[in-house]
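Values below: every heavy atom of this structure, side chains too, minus hydrogens, waters and symmetry copies. In this text, all values refer to a predicted model and were calculated from it rather than measured experimentally.
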Amino acid sequence: MKFRYIFLLSLILCGLSACKKALDTKPKDTLAPATYYNNVEELNFALNGVYDNLGSLYGTIIHYRLGFEGDEGWYTRNSPANGPQIYDFTAGHADIKNFWNNLYSGINRANYLLISLNKNPDLDATARAQVEGEALFLRAYYYFMLVQNFGDVPLILTPAGSVDDVDVAKSSAKEVYEQIIADMTKAEAVVPSIASLGFGGRVNKSAVRGILARVCLYMAGYPVKDVSKYKDARDWAKKVIDDGEAGHVLNPSFSDVFIKLASDKYDVKESLWEVEYWGNKTDAYTETGYLGYVNGPNTTNVTTGYGYGGIRIMADLYYKYEDGDLRRDWSIAPFTYGNAAAAPYSRTYLGTATRATAYARYPGKYRREYEVVLPKNTSATPINCPLLRFSDVLLMYAEAENEMAENATPTQNAIDAVNKVRQRGWSTGIKSVALVGGSGYTTAPTLKFTGGGGSGIVATTTITNGVVTSINFANDPIYGKSRGINYTSAPTIEFIGGGGTGASATATIYKAEDANMPATATASKDAFRKFIRDERSRELNGETFRKADLIRWDIFVERMHELSTTIEKDLIGVTSPPSYLNLYIKGFGSNITDRNKLWPLPTSDITLNRKLIQNSGW
């Protein structure tokens, strides 16, 4: 999906070597900072280079091989046999090094651009200010990803003076957060509104405000624990909620949020910021990711779209959902795809999961069947990666509001924000059916549903000894079962044919208020806190936030040990799902200790930068 300014062919602007030789060492085919940044076009090309690191950051392993899913999913492949995904790695691991290097590369590109912005004072001041705002925000976001995962890190705000200028001590996490907030706050004043852009792939006011709310929530949590930032988090989130120009609202359909991401459609009311991907590696405009390939159902069907199946879900995630919550059967695929190309969308439905069988299910948010770039590449996908959705803003607002010191119990504003998210994901179809079976039926009668204002019910009947014994709703890839949508009252059910008499049924429908937080969850500040932690998982699972949430709440080690115990109980005597599940998950309990709250600094950087001190435990 495709950034209107097409963030491709980014310029890597780097310093020239200080080495002196007799040969002419001036490059003929590159651009140096000294001869660049002369016009707005060149500023934007350099800005493209800063954005480009987002594509690398969210394009591949972050979705299945860095452990960001926390207690929501498990790495299901046999190789690699070590790494962050199973908490078995060292400071020299390539995935950690590449993550670190990519972020500092983006920071360095931003630093070159920021120091060169005013090289030509005749350039339009408004254009320069916008470029500065975007570069500041992106640099701050890269530091946010660093401080989340590594804690104290070197805070570098200008380009290196020479290749020898590499010894930089770590700044404290508090200092890094303060710089992030300062840069993002400056950016908020000068970047455009999302309404004026019309798409979420470029930094905009809604994105900046929403990410500032996230940054402040993290600063309020572990390790900085500056609880004064809860107020700032609430206030930034409220700016997004109250922005009349942007008019942010939830997409009425939870599944449609992700269908739009896969099918090249923008939804700026809900999707505030996303990483742009496009192409299938066959044209000049390709910049692709792995969404839907590494974290979707496993399949070799080229028409549906290959699926590597790198992640499966935890039973705890499946059982977090209540009856009526449609988010479950979209977030967790209730089927597996067939492999035959002749039947591209053939599905085998899985029925209701047990505690043991739930572990075999795949994530389902990002479904390659909705891709519009054809033919589909085996592994590369054009599905945009959401970094901030309006539902997240509502949940952040509610969490921060609840944590305010002056609020002894949850406020109605906090409760209402959570209920909006829950109601959007709730069923509007048939909840239950009271059946009278009649008699004399020789074949199963058909059903006719009338009234109620909705549609989409698909159901059949079963008879036993002439009596209608059940009404069976058809499988549905989006809703789990075809119980209908948009019903405002219960439909009338009519039995047609079958040779018998007397069968009748009375339907009950789900109501929006069924989704509201239960009284037990709003009775106290602590009850609300516990509920919203689960609610974030129900809404945002698979979107790279869970591990970081568990860490900022300072419950990561405890939660993962608890999970390991639960898995062991669930799988006693079970040979299916695969036996190697025990190898990858039961080990979490012993592998994870306090040191895993932060990653180690890469060995290569410890070697090069003599002022770096390794994180505790590594």
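- Listed here is the closest heavy atom pair of Thr60 and Tyr290: CA-CD2, 3.9 Å.
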TODO: Could you give me the CA-CA distance, side-chain angles and deciding distance for Tyr306 and Tyr293, then say whether ring pair (Phe, Tyr, Trp, His ring centres under 6.0 Å) is met?
DONE: CA-CA 6 Å; Tyr306 264 60; Tyr293 170 64; 7.4 Å; no

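- In this structure, Arg327 is not positioned above the aromatic face of Trp426 in the sense of NZ or CZ being under 6.0 Å from the six-membered ring centre and within 45° of the axis.
- Annotation for Phe137 and Ala187: closest pair CB-CB, 4.0 Å, computed over non-hydrogen atoms.
- Of the residues Val268, Val208, Ile211, the one that meets the side chain to side chain contact (heavy atoms under 4.5 Å, CB included) test with Trp273 is Ile211.
- Shown here for Gln85 and Tyr64, the closest heavy-atom pair between the two residues is CB-O, 3.9 Å.
- The ring pair (Phe, Tyr, Trp, His ring centres under 6.0 Å) test with Phe68 singles out one residue from Tyr75, Tyr58, Trp599, Phe545, and that residue is Trp599.
- In this structure, the separation between OH on Tyr112 and CG on Asn108 is 5.5 Å, given to the nearest 0.5 Å.
- For the salt bridge (Lys or Arg N to Asp or Glu O under 4.0 Å) test, residues two or more places apart in sequence or in another chain that qualify with Arg424 are Glu270, Glu539.
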Task: Pair Ile457-Arg483, side-chain contact (heavy atoms from CB on, under 4.5 Å): steps then yes or no - done: CA-CA 5 Å; Ile457 301 173; Arg483 296 174 176 268; 5.8 Å; no

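- Counted by atom type alone, Asp88 and Asn82 present zero donor-acceptor pairs between their side chains at under 3.5 Å.
- For the pair Leu197 and Val203, the tightest heavy-atom approach, listed with the atom from each and the gap, is CD1-O, 4.0 Å.
- Two residues are said to be in side-chain contact when any heavy atoms from C-beta on lie closer than 4.5 Å; Trp278 and Asp264 meet this criterion.
- A donor and an acceptor atom, one from each side chain of Arg546 and Asn541, are nowhere located under 3.5 Å apart.
- Residues Tyr370 and Arg368 form no side-chain contact, since every pair of their non-hydrogen atoms from C-beta on lies 4.5 Å or further apart.
- Within a 6.0 Å radius of NZ in Lys320, more than 12 heavy atoms belonging to other residues, nucleotides or ligands are found.
- Residues Thr378 and Val302 form no side-chain contact, since every pair of their non-hydrogen atoms from C-beta on lies 4.5 Å or further apart.
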Open item on the list: Under the criterion salt bridge (Lys or Arg N to Asp or Glu O under 4.0 Å), I'd like the reasoning laid out for Asp605 against Lys97: C-alpha separation, chi angles, the key distance, then a yes or no.
Closed with: CA-CA 9 Å; Asp605 282 75; Lys97 175 184 176 181; over 6 Å; no

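- Cation-pi geometry between Arg347 and Phe335 is met: the NZ or CZ atom falls under 6.0 Å from the ring centre, inside 45° of the normal.
- The closest side-chain donor-acceptor pair between Ser537 and Asp534, if any, does not fall under 3.5 angstrom.
- The side-chain heavy atoms of Phe254 and Leu326, taken from C-beta on, include no pair separated by under 4.5 Å.
- Under a 3.5 Å cut-off, the side chain of Glu42 and the backbone N or O of Asn38 do form a donor-acceptor pair.
- Between the side chains of Asp570 and Tyr359, at least one donor N or O sits under 3.5 Å from an acceptor N or O.
- Not one N or O on the side chain of Asn475 forms a donor-acceptor pair closer than 3.5 Å with the backbone of Tyr349.
- The main-chain N or O of Thr354 is found under 3.5 Å from a side-chain atom of Thr357 such that the two form a donor-acceptor pair.
- Residues Asp71 and Met314 fail the side-chain proximity criterion, which asks for heavy atoms closer than 4.5 Å.
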Open item on the list: Please evaluate residues Asn280 and Lys376 with respect to the criterion side-chain contact (heavy atoms from CB on, under 4.5 Å), reporting the C-alpha separation (whole Å), side-chain torsions for both, the decisive distance (0.1 Å), and the verdict.
Closed with: CA-CA 6 Å; Asn280 59 7; Lys376 296 173 185 175; over 6 Å; no

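- Remark: the backbone N or O of Ile86 is paired with a side-chain donor or acceptor of Asn591 at under 3.5 angstrom.
- A donor atom on one side chain and an acceptor atom on the other are not found under 3.5 Å apart for Lys269 and Asn251.
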- [ ] Decide yes or no on salt bridge (Lys or Arg N to Asp or Glu O under 4.0 Å) for Glu245 and Lys205, but give the supporting numbers first.
- [x] CA-CA 11 Å; Glu245 179 187 1; Lys205 285 191 188 300; over 6 Å; no

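- No side-chain donor-acceptor contact under 3.5 Å links Ser79 to the backbone of Ala81.
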TODO: Kindly indicate, with the supporting measurements, whether the criterion side-chain hydrogen bond (donor to acceptor under 3.5 Å, both in side chains) is fulfilled by Thr76 and Arg312.
DONE: CA-CA 6 Å; Thr76 187; Arg312 301 194 202 203; 3.0 Å; yes

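- With Asp316 contributing its side chain and Leu563 its backbone, the two residues share no donor-acceptor pair below 3.5 Å.
- Nearest approach of Val240 to Ser206, heavy atoms of both residues: CG2-O, 3.8 Å.
- One finds a salt bridge joining Asp243 and Arg209 here, because a Lys/Arg side-chain nitrogen approaches an Asp/Glu carboxylate oxygen to under 4.0 Å.
- Ser263 contributes no side-chain N or O that, together with a main-chain N or O of Lys265, makes up a donor-acceptor pair within less than 3.5 Å.
- Distance CG/Leu47 to CG/Asp52: 11.0 Å, rounded to 0.5 Å.
- Met560 places a side-chain heavy atom less than 4.5 Å from the side chain of Tyr87.
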TODO: Show your working on side-chain contact (heavy atoms from CB on, under 4.5 Å) between Glu132 and Val190 and close with a plain yes or no.
DONE: CA-CA 8 Å; Glu132 180 183 24; Val190 293; 5.9 Å; no

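- With a 4.5 Å cut-off on side-chain heavy atoms, Phe258 and Ser271 do not count as touching.
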Open item on the list: Please evaluate residues Lys260 and Asp256 with respect to the criterion salt bridge (Lys or Arg N to Asp or Glu O under 4.0 Å), reporting the C-alpha separation (whole Å), side-chain torsions for both, the decisive distance (0.1 Å), and the verdict.
Closed with: CA-CA 6 Å; Lys260 280 185 165 63; Asp256 189 56; 2.4 Å; yes

TODO: Under the side-chain contact (heavy atoms from CB on, under 4.5 Å) rule, what do Tyr308 and Asn298 come out as? Steps first, then yes or no, please.
DONE: CA-CA 5 Å; Tyr308 179 71; Asn298 179 269; 5.5 Å; no

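- Here the CD atom belonging to Glu69 is positioned 12.0 Å from the CD1 atom belonging to Ile313, to the nearest 0.5 angstrom.
- Judged by distance alone, the side chain of Thr286 and the main-chain N or O of Gly279 form no donor-acceptor pair under 3.5 Å.
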Task: Worked verdict on Tyr510 versus Asp323 for side-chain hydrogen bond (donor to acceptor under 3.5 Å, both in side chains) - done: CA-CA 10 Å; Tyr510 290 101; Asp323 181 43; 3.0 Å; yes

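- Considering every non-hydrogen atom in both Val191 and Gly133, the closest pair reads CG1-C, 3.9 Å.
- With no hydrogens or angles considered, a side-chain donor-acceptor pair links Ser255 and Ser253 at under 3.5 Å.
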Task: Derivation of the salt bridge (Lys or Arg N to Asp or Glu O under 4.0 Å) call for Glu274 and Arg202 - done: CA-CA 8 Å; Glu274 53 197 57; Arg202 190 164 192 170; over 6 Å; no

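- Annotation: salt bridge (Lys or Arg N to Asp or Glu O under 4.0 Å) contacts of Arg536 (sequence neighbours excluded): Asp392, Asp549.
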- [ ] Begin with the C-alpha distance, continue with both residues' side-chain angles, and end with the deciding distance and a verdict on side-chain hydrogen bond (donor to acceptor under 3.5 Å, both in side chains) for Tyr51 and Glu276.
- [x] CA-CA 10 Å; Tyr51 272 95; Glu276 301 264 22; over 6 Å; no

